[in-house]
Amino acid sequence: MAATPAPPTAPPKPTWAPKSAEPPFPWLRPTIRIRLTLLYGGMFMIAGILLLSIIYLLAAQALHAGSTPFKIVDGQNIVVSSGSCQLPERGTPGAFNDAISACMAAQRQHALDNLLSRSLLALVGLSVIAFAFGYAMAGRVLSPLGRITRTARRVAGTDLSRRIELDGPDDELKELSDTFDEMLDRLERAFTAQQRFVANASHELRTPLAINRTLLEVHLSDPGAPVELQQLGKTLLATNERSEQLVEGLLLLARSDNEIIDRKPVDLAEVASRAIDQARAEADAKGVEVRGERGLAVVQGNGVLLERIALNLVQNAVRYNIPEGGWVEVVTELRDGHATLLVTNTGPVVPAYEIDNIFEPFRRLRTERTGSDKGVGLGLSIARSVARAHGGRIIAEPREGGGLVMRVTLPV
């Protein structure tokens, strides 16, 4: 009696830890704090400019031109000296009056210019103080939002049990914090229920299928079994195998939807070579040539999940190929700071509008259910989920002449 094979090792539980893309100039990012600072400082500058204009106009009106406080009416041999005005040494009263008026106008303009320059300097200094004060006050007002953001990042990365628990007055920020904590409670319960379901499904679905496969193999090994029974057993064994593939695919798809935290160096060239070795027998049986140069491309990730990407892409390229003279080209390389896995194959012509559909679960070209012996319809869905979990992406393009070009790009 054949021993029940051990279930395949489940990949490590992935979690999600989004990475915020750093802009080239972080201090130029239009944050709420910067906008509030500009708002407070701008309002102060506008008020200061208006106040300065009013003071200037009032001072100009008070020192209106032509307001000489005295006039020389009559006199002979008048001698007037001044340290700030240029007056004639001797002359008629009219000449002295004109000189005095011009001197008063010059003194008035000098006083207004002095008032304006000093006021502008005071306005600039107070504006700097106002912007600094506004920046500090905006930071103090928005500090609860910063606390909420930091907690959200820690929760998204590792631990759903963290809470904000914001103290302070019962204002809008406190209400936002409490609402966020309630949402985290619901998310924690949902993720816990999902993990429990995946664990139970792994046991409840894999065990009966493994038992069925063992029983079928035992009956098929009986040389005295009728031909009809052997044919039925082979059919049931194939059906059981497809069910096992479907279960493994669904479980892997559920586990690979989030980002991987526990990462190790993985060479995409090695991963692709192992995938090719596993698909070599099927490729030889179909007469499909597997070729391509695989250069060193080390990424940080989970080797089991990355190997599943390569295996799914290579198997699809082999299975959906032309009957004769088909080939599959597998290339790995480093380009522009990213590691790339490129799988190109000959095959039927793929319309561009069908590209998005092939990544949906249980969907293939021109069919939506698993009515084929080429798989269960989850390969590309799993590949896309695993690529996203590693912070990368997968792109499919129709190849000129038929077939597909599948490009997986991962950060190094």
Could you walk me through whether Lys174 and Asp178 pass the salt bridge (charged side-chain N to carboxylate O under 4.0 Å, His left out) test, one step at a time? CA-CA 6 Å; Lys174 181 69 164 57; Asp178 294 341; 3.1 Å; yes
Would you say that [X] contacts [Y] through its side chain, given a criterion of any heavy-atom pair below 4.5 Å between the two side chains?
X: Lys286; Y: Val318; value: yes
X: Ile355; Y: Pro398; value: yes
X: Thr179; Y: Met183; value: no
X: Ile309; Y: Leu306; value: yes
X: Leu380; Y: Leu313; value: yes
X: Val314; Y: Asn345; value: no

Are more than 12 heavy atoms, taken from residues, nucleotides or ligands other than Phe44, located less than 6.0 Å from that residue's CZ atom?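 Check passes, neighbour count above 12.
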Heavy atoms from other residues, nucleotides or ligands near CZ of Arg291 exceed 12 (cutoff 6.0 Å):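 Yes, enclosed.
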Would you confirm whether [X], through its side chain, and [Y], through its main-chain N or O, come within 3.5 Å as a donor-acceptor pair?
X: Asn240; Y: Leu209; value: yes
X: Thr340; Y: Thr332; value: no
X: Asn321; Y: Ala317; value: yes
X: Thr346; Y: Gly326; value: no

What's the separation between atom [atom1] in [X] and atom [atom2] in [Y], rounded to the nearest 0.5 Å?
X: Gln230; Y: Glu228; atom1: CD; atom2: CD; result: 9.5 Å
X: Arg384; Y: Asn312; atom1: CZ; atom2: CG; result: 13.0 Å
X: Arg393; Y: Leu410; atom1: CZ; atom2: CG; result: 11.0 Å
X: Leu123; Y: Leu51; atom1: CG; atom2: CG; result: 9.0 Å
X: Leu237; Y: Thr214; atom1: CG; atom2: OG1; result: 10.0 Å
X: Ile55; Y: Leu50; atom1: CD1; atom2: CG; result: 11.0 Å

Nearest heavy atoms of [X] and [Y], plus distance in Å:
X: Leu334; Y: Leu296; value: CG-O, 3.6 Å
X: Gly391; Y: Pro411; value: O-CD, 3.6 Å
X: Val290; Y: Ala283; value: CG2-CB, 3.9 Å
X: Gly292; Y: Glu329; value: CA-CG, 3.9 Å
X: Met406; Y: Ile394; value: CE-CD1, 3.9 Å
X: Leu116; Y: Tyr56; value: CB-CE1, 4.1 Å

Taking only distance into account, with no hydrogens and no angle test, what donor-acceptor pairs under 3.5 Å do side-chain atoms of residues 269-280 form with protein atoms, sequence neighbours excluded?
{"from": "Ser273", "atom 1": "OG", "to": "Ala269", "atom 2": "O", "distance (Å)": "2.9"}
{"from": "Ser273", "atom 1": "OG", "to": "Arg294", "atom 2": "NE", "distance (Å)": "3.3"}
{"from": "Gln278", "atom 1": "NE2", "to": "Glu307", "atom 2": "OE2", "distance (Å)": "2.5"}

Of Val350, Thr344, Asn316, which meets side-chain contact (heavy atoms from CB on, under 4.5 Å) against Leu404?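 Single pass found, and it is Val350.
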Looking at Glu282 and Arg319, does any basic side-chain N land under 4.0 Å from a carboxylate oxygen?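 So Glu282 pairs with Arg319 through a salt bridge.
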